[in-house]
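Read through the structure below, which is laid out as structure tokens, and then see the notes.
Only a predicted model underlies this, so the values are computations on that prediction, with no experimental measurement involved.
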Amino acid sequence: MTSHDNPRPPARDWATDFDHLDPRWSNDPYPIWAGLRDTCPLAHTERFQGCYFPSTYSATAAIAHDTQHFSSRRIIVRDVRIDPVPAPPITSDPPEHKPWKQAALPYFTADAIAPLEPRTRAVCDALIDAFPAGGCDVAEHYTRHIPVRVIAHMMGLPEDDGDLFRRWIHEILELGITDSSKVVSATTEMHVYFAGQIARRRTAPGDDLISRLLRISIDRRPAEEAQVIGMLRLLLIAGIDTTWSAIGAALWHLAEHPQDAARLRAEPELMPTAIEELLRAYAPVTMAREVIGDTEIAGCPIKAGNMVLLSFPAANRDPAMFSEPDRVILDRAENRHAAFGLGIHRCVGSNLARMELRVAVETFLHRVPAFRMAGPVRWAVGTVRGPRSLPMTFAAG
């Protein structure tokens, strides 16, 4: 499903009938969110069997931190609520969540990620070496490949399986929102795939991430294989789609704002701060929570049985939290953005994502002297928003 072939009836009113699959939301959600903040900061729809949408930073943070009334067992808002398949730690609630997150964290610290930077830069250089002369679809030829190759290297998986990984992601995060059979089939395929990878490592352990995760203990007991497979599914999906989307959005912004690209070339020391600002402005990930107890948020009653569309991108555009939130300020001094989430489920892989985004942008600016958009961008629909088509023209600097 893309923003161009959505057969659903359009949303009649964003406050009472919102639909994040509506092409208007997918293509340009920011005016919609701004309008809701002013008129209905906690919207509700009967679609998706009942769902709330907070558009302010404070309400989003309150929900993300409240694990008593909001469960993470379902992290995607879908038309039909299928039985959740565990993918710890992201689908775990306390107290089960903490030991799983602690088991994963050592492999994603800044020190653990740093050795991957030279390989990431080599991947970016190789992809640019293969660019067609004069321009190309940068999403097709660049952004979608970088995180696939990096996470495959970390996990000891064949990089040639990238198309398979991307199909699973498309089926689970996009097509599966309206067609539950796609989620079931992709999840089953991933289970079989990772079971095979695990079997090989039980015979011949290596030093890759899968081999290491097979040695973890949860509450002083060896982790169950099904739970490890759930974590591997999470790492593969989260390690690819979110970063691919963030890289694409950053390059789209620079193509549309050449003055920002010129500034980053002239002031390379600004890159880390600029990366944080691009993450704030174009945060790709919207998560979900399931309401498991009646409560109140921002003065509004919340009823159990509903879902919550937890939009960190909307939180990042809240003027109550950020001055001039719709303007990208590359040297923004104070930037407590929520691109990597809030609360106990804040992204384990944030150091990896930051490194890949920085290296991808640095390499592109260094290797492509001048670039501009050559056609319309096409945005993904659903849980993760990022450019799926990014046609650009290249010119000599």
Side-chain angles (χ1 to χ4, degrees), residues 85-91 99-127 142-173 186-218 222-244 246-247 347-360:
V85 180
I90 200 170
T91 60
W100 280 102
K101 189 163 188 176
Q102 289 178 330
L105 279 172
Y107 307 112
F108 293 93
T109 63
D111 287 345
I113 295 304
L116 293 170
E117 182 168 334
R119 182 176 182 88
T120 305
R121 202 171 295 277
V123 166
C124 293
D125 275 324
L127 291 168
Y142 190 64
T143 66
R144 75 183 195 135
H145 296 285
I146 298 165
V148 168
R149 297 187 184 184
V150 173
I151 199 68
H153 173 70
M154 286 184 70
M155 299 175 80
L157 301 174
E159 293 183 11
D160 290 344
D161 286 347
D163 286 341
L164 180 63
F165 302 156
R166 283 184 289 266
R167 176 172 65 78
W168 287 336
I169 290 168
H170 182 53
E171 290 175 349
I172 291 173
L173 298 185
T187 302
T188 301
E189 287 182 28
M190 293 185 80
H191 188 98
V192 172
Y193 179 89
F194 280 121
Q197 295 291 334
I198 286 172
R200 284 190 280 277
R201 284 159 180 79
R202 292 205 189 279
T203 302
D207 194 39
D208 56 74
L209 185 55
I210 296 178
S211 296
R212 293 178 181 183
L213 289 177
L214 286 175
R215 297 193 287 268
I216 66 173
S217 295
I218 302 298
E224 296 178 10
E225 181 169 307
Q227 293 175 307
V228 174
I229 289 175
M231 178 180 273
L232 294 175
R233 282 201 324 273
L234 163 65
L235 295 177
L236 187 74
I237 294 172
I240 293 175
D241 195 28
T242 57
T243 309
W244 160 20
I247 295 169
C347 178
V348 170
S350 59
N351 290 312
L352 175 62
R354 281 189 171 103
M355 182 277 288
E356 291 177 285
L357 177 55
R358 175 177 54 80
V359 170

What are the two closest non-hydrogen atoms of [X] and [Y], and how far apart are they?
{"X": "Pro89", "Y": "Leu234", "value": "CD-CD2, 3.7 Å"}
{"X": "Asn351", "Y": "Ile113", "value": "O-CG2, 4.0 Å"}
{"X": "Ile146", "Y": "Val123", "value": "CA-CG1, 4.2 Å"}
{"X": "Pro147", "Y": "Ile247", "value": "CD-CD1, 4.5 Å"}
{"X": "Ala104", "Y": "Val348", "value": "CB-CG1, 4.2 Å"}
{"X": "Pro115", "Y": "Ala112", "value": "CD-O, 3.3 Å"}

Roughly how far apart are [X] [atom1] and [Y] [atom2], rounded to 0.5 Å?
{"X": "Trp244", "Y": "Ile169", "atom1": "CH2", "atom2": "CD1", "answer": "6.5 Å"}
{"X": "Ile210", "Y": "Ile229", "atom1": "CD1", "atom2": "CD1", "answer": "10.0 Å"}
{"X": "Ile198", "Y": "Thr203", "atom1": "CD1", "atom2": "OG1", "answer": "12.0 Å"}
{"X": "Met155", "Y": "Leu213", "atom1": "CE", "atom2": "CG", "answer": "7.5 Å"}

With [X] via side chain to side chain donor-acceptor pair (under 3.5 Å) - residues at least two apart:
{"X": "Ser211", "result": "Asp208"}
{"X": "Gln197", "result": "Arg201"}
{"X": "Trp168", "result": "Glu189"}

Quiz item: Can you pull the salt bridge (Lys or Arg N to Asp or Glu O under 4.0 Å) pairs that have at least one residue in residues 223-235, sequence neighbours excluded?
Solution: Arg202-Glu225
Quiz item: So which pairs with a foot in residues 104-117 pass salt bridge (Lys or Arg N to Asp or Glu O under 4.0 Å), sequence neighbours left out?
Solution: Glu117-Arg121, Glu117-Arg358
Practice problem: Using side chain to side chain contact (heavy atoms under 4.5 Å, CB included) as the criterion, list what pairs up with Ala353, not counting sequence neighbours. | Solution: Thr243, Phe340
Quiz item: What residues, two or more places apart in sequence or in another chain, satisfy side chain to side chain contact (heavy atoms under 4.5 Å, CB included) together with Ala223?
Solution: Trp100, Ile216, Ile218, Val228
Practice problem: Show your working on side-chain contact (heavy atoms from CB on, under 4.5 Å) between Leu127 and Tyr142 and close with a plain yes or no. | Solution: CA-CA 6 Å; Leu127 291 168; Tyr142 190 64; 3.8 Å; yes
Exercise. Apply side-chain contact (heavy atoms from CB on, under 4.5 Å) to the pair Phe165 and Ile151, showing each step before the final yes or no.
Key: CA-CA 11 Å; Phe165 302 156; Ile151 199 68; 5.7 Å; no
With a 4.5 Å cut-off on side-chain heavy atoms, are [Y] and [X] touching?
{"X": "Phe194", "Y": "Met231", "result": "no"}
{"X": "Ile240", "Y": "Leu236", "result": "yes"}
{"X": "Leu214", "Y": "Pro205", "result": "no"}

Quiz prompt | For Arg354, all residues meeting salt bridge (charged side-chain N to carboxylate O under 4.0 Å, His left out), sequence neighbours excluded | solution = Glu276
Self-check item: Worked verdict on Leu235 versus Met154 for side-chain contact (heavy atoms from CB on, under 4.5 Å)
Solution: CA-CA 10 Å; Leu235 295 177; Met154 286 184 70; over 6 Å; no
Exercise. Among residues two or more places apart or on two chains, list those pairs meeting side-chain hydrogen bond (donor to acceptor under 3.5 Å, both in side chains) that have a residue in residues 153-163.
Key: Arg119-His153, Arg119-Glu159, Asp161-Tyr193, Asp163-Arg166
